[in-house]
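The next block holds one structure in the form of structure tokens; read it before the comments.
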Amino acid sequence: MSTISMAELPVLQFEDKIVETVDKNPVVVVIGETGSGKSTQLSQILHRRGYTKSGCIAVTQPRRVAAVTVSSTERFVANRRVSEELNVPLGDEVGYAIRFEDRTSEKTIIKYLTDGVLLRESLSNPELSQYSVIILDEAHERSLNTDVLLGLMKRLIKLRASNLKVLVTSATLDGEKVSRFFSDCPILNVPGKLFPVEIHHSSERPKSYIDACLNKALDIHTQEPEGDVLIFMTGQDDIEKLVSRLEERIQRLEEGSCMDAVIYPLHGSLPPELQIRVFSPPPPNCRRFIVSTNIAETSLTVDGVVYVIDPGFVKQRQYNPSTGMYSLDVVQISKVQANQRAGRAGRTRPGKCYRLYSSVAYKDDLLDATIPEIQRSSLAGSILYLKSLDLSDINILKFDFLDPPSFEALEDALKQLYLIDAIDDKGSITSLGRTMAELPLEPSLSRTLLEANECGCLSQSLTVAAMLSAETTLLISQSKSADKKRKHTPSNLPDGSGLGDHIQFLQIFELWHETDYNTGWCKENNLQVRGMKFVKDVRKQLCQIIQKIAKGPMDVKTSKRRREDQDYRSLRKALCSGYGNQLAERMLRHNGYKTLGFKSQLVQVHPSSVLRTDEEGMFPNYVIYHELIATTRPYMRNVCAVEMPWVRPVFAKLQNLNVSKLSGGANQSHEEVQPENADVRKDDGGGNAAPAQPAEDRDSKILAARERYLARRGQANK
DNA sequence: GAGCACTGC
């Protein structure tokens, strides 16, 4: 609940300046710190000044409000506030659209939406002609979708120069860069409403972060006046360790020597009822310690925090396109993140932030901004999306990104798309690819769905795709101690008939379906109710889209498994069409696997898998995997037993792969794949953009990979 | 006995 009245919002003092700048320029960067009111006021200012006469105003956000915090009518904080201030019912003049929920009407003139939803709209209306203004809010968070949108906006303002205004809100540290991207457009600075935060740096890095956090927390508790403490850790493990040690040390403090304390862990896999504890105020004369992952950096705002302890690390997922493997690494945070964390101490009154690193380290070691997601992800989905837009004036490899992904990452995406028939051997999108782009799924799953439709197991594949979309949010996480207790009470959940995790996902959902989607059943089986409901929603949405594509009813009904397909052969075959490039072959005498994709690697089945071994203790000869993830070792996560002949068609395509053709021309040289307008961005100073590889190097790599593949294929055929 | 940070169409 905000206590700042409208008149106090800093952004309003700049109204004339903002309107004048927007009038004269197609794109404006707005640097507005927390509390400036930019999310709620920019749209209203432009509405007041007539910008809604020719269309509506879109305000995009990278995410909706965390599901645990809100009632069903507050998907965006800003959204509710704007409708109140304009004194109109939500969903009329002011509406919102998120996945599964469109609360807009013909009357809507200001529309809040996630950037993913705007991308979907753009698919059916590439010029986004209904909008006169598009505000990309929180663009500094640089989500994958925001980056795609930034590129599309740059293009769109050329096409709609006369009737479109774009506003991009950003952080202090990278506003210049965004401005350069948009041909040096003006930057407006709007101050925030945060209270001052005193920053204390350590003189050196501690040997143990947990110890250092522990000591700092106790110092605060014994020496500083009241106010809650927020501590940023990298993951559940460290959080649990710190929480238990902090509890122990605080108990040992002399009674009456300081106020009471409560300690709350906070991370995404915590059940909602434990997450919301941090929103209820503490009892009187009691200090709260919140030991949290990054979730408290942007997603959840905890009121009452006065002290922040920031060790300077975060766990980050990144994709390596040359191996097709994800890794989850602990990395240093960026300056933007460090400032965001510090700001969490100044929301209600002046605060303090203790950084467990030196000011020199802040200045010299930390990157200005976090490496954008687009440089850390597999791009198959985004590339397929862009291809389906039919931007005839641009080559996909020249698409103008604020931070271009590496050539390797683009090439990897093209190869993946080719192998699942989404693009042809010249790199043009196929009709299959167009259909795949309509589905809100990663391309490999879209492909599986379409194949399953041909094989008569569409319904099952819809379930698997939906379950995989929610997967990580399904199981309620157990702390280590609870895990030990559970060992003797084995799960009643089906085991995938030993065929692997995909099949288990299918069986779980079918069982839930038989209970008529009973929430008690979820709890009994240690499944997150929210996660399972999400699966149901995704499945429903996929059904609707599939039926729309097919222009008629399809067999999408969830049903008990049919007698004639006891071993799920059709489904597992269909999976091979989507995941043919993610096939692994077991080693001769042990349970390690080697992958048979572009680059062969030694990997293990993830310990959480339900894949079963045979009488001799061996796993199946071939499996397909959903993803490779390197944690302590390289693992295949979510595997499914398959048979070699099912994958042959994909292998035949691998053999004929000519990647230079896929990327738009056999003679394409290294220079040609630079983005358009490269001149504008030569000195973007980010240094994050990975350089494109020389063409000869690429070709020799591909040749070598092909030889290895042919050698393997010879063996496999024996 | 090893382990998944956080979002989203």
Side-chain angles (χ1 to χ4, degrees), chain A residues 60-67 75 97-102 113-124 138 141-149 232-240 266-270 275 292-300 313-318 326-331 333 337 340 370 372-374 376-377 381-382 384-385 388 436-443 445-446 465-466 469-480 483-484 487 528 531 534 537-538 541-542 544-545 604-609 626-627 629-635 637-638:
Chain A
T60 73
Q61 311 274 303
R63 81 187 82 74
R64 42 173 105 178
V65 164
R75 296 309 189 197
I98 55 174
R99 188 176 191 179
F100 311 133
E101 199 177 342
D102 185 344
L113 67 179
T114 52
D115 43 22
V117 170
L118 188 62
L119 283 179
R120 286 284 141 193
E121 289 187 359
S122 167
L123 206 52
S124 53
E138 314 284 2
E141 288 189 24
R142 302 294 302 279
S143 74
L144 186 58
N145 286 340
T146 304
D147 271 24
V148 175
L149 274 176
F232 285 101
M233 303 300 281
T234 58
Q236 185 179 352
D237 254 23
D238 287 358
I239 289 174
E240 281 167 11
L266 182 60
H267 52 85
S269 42
L270 215 57
Q275 280 187 32
S292 173
T293 59
N294 236 18
I295 197 170
E297 196 177 290
T298 48
S299 304
L300 294 183
F313 290 99
V314 67
K315 217 178 263 187
Q316 207 173 61
R317 189 177 145 102
Q318 23 225 356
Y326 282 93
S327 60
L328 200 62
D329 309 314
V330 172
V331 299
I333 60 171
Q337 280 182 292
Q340 174 73 25
T370 312
E373 210 184 337
I374 198 163
R376 296 188 279 119
S377 319
S382 299
L384 179 61
Y385 170 82
S388 76
M436 288 164 58
E438 297 277 324
L439 293 160
L441 291 172
E442 48 192 276
L445 279 174
S446 304
S469 303
E471 188 231 338
T472 54
T473 61
L474 288 184
L475 280 175
I476 292 175
S477 81
Q478 298 288 320
S479 68
K480 281 189 174 162
D483 213 18
K484 276 180 195 154
K487 259 197 160 160
Q528 295 251 29
F534 177 75
D537 285 341
V538 173
Q541 186 188 33
L542 294 175
Q544 287 166 347
I545 297 172
Q604 306 280 325
V605 175
H606 197 277
S608 66
S609 176
H626 183 63
E627 70 173 9
I629 176 116
T631 48
T632 52
R633 322 157 75 166
Y635 287 114
R637 273 194 64 246
N638 295 330

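What you see below is based on every heavy atom in this structure, not just the backbone, and it leaves out hydrogens, waters and symmetry mates.
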Integer-rounded Å distance: B:dC9 P and A:L144 CG: 13 Å
Residue A:S299, side-chain heavy atoms: nucleotide from B:dG8, B:dA5, B:dT7 that is nearest: B:dT7
Sugar-phosphate only, base, or nothing, as touched by A:S469 at under 4.0 Å among non-hydrogen atoms: base
A:R63 side-chain N/O to B:dC9 phosphate OP1/OP2 under 4.0 Å: no
Separation of B:dA5 C1' from A:L266 CG (nearest whole Å): 12 Å
Length of the line joining A:E373:CD and B:dA5:P, which is rounded to integer Å: 17 Å
Touch class at under 4.0 angstrom, heavy-atom based, for A:S143 against every strand present: nothing
Sugar-phosphate, base or nothing in reach of A:V314, heavy atoms under 4.0 Å: nothing
Candidate nucleotides B:dA5, B:dG8, B:dC6, ranked by approach to the side chain of A:K315 - the nearest: B:dA5
Contact under 4.0 Å: A:T293 side-chain N or O vs B:dC6 OP1/OP2: yes
Separation of B:dC9 P from A:Q541 CD (nearest whole Å): 9 Å
Sugar-phosphate only, base, or nothing, as touched by A:Y635 at under 4.0 Å among non-hydrogen atoms: sugar-phosphate
Whole-Å gap separating C1' (B:dA5) and CD (A:E297): 11 Å
Side-chain donor-acceptor contact under 3.5 Å, A:Q337 with A:E297: yes
Sugar-phosphate, base or nothing in reach of A:E471, heavy atoms under 4.0 Å: base
Under the salt bridge (charged side-chain N to carboxylate O under 4.0 Å, His left out) test, residues paired with A:R633 that sit two or more places apart: none
Distance-only polar pair, side chains of A:N638 and A:S609, donor-acceptor under 3.5 Å: no
Rounded distance in Å - CD1 (A:I98) to C1' (B:dT7): 13 Å
Minimum-distance nucleotide to A:P607 side chain [options: B:dC9, B:dA2, B:dA5]: B:dA2
Whole-Å gap separating P (B:dT7) and CD (A:Q340): 14 Å
A:L149 CG - B:dG8 P separation (whole Å): 15 Å
Student check: side-chain heavy atoms of A:L441 and A:L542 closer than 4.5 Å: yes
All salt bridge (charged side-chain N to carboxylate O under 4.0 Å, His left out) counterparts of A:E438, not counting sequence neighbours: none
Touch class at under 4.0 angstrom, heavy-atom based, for A:L119 against every strand present: nothing
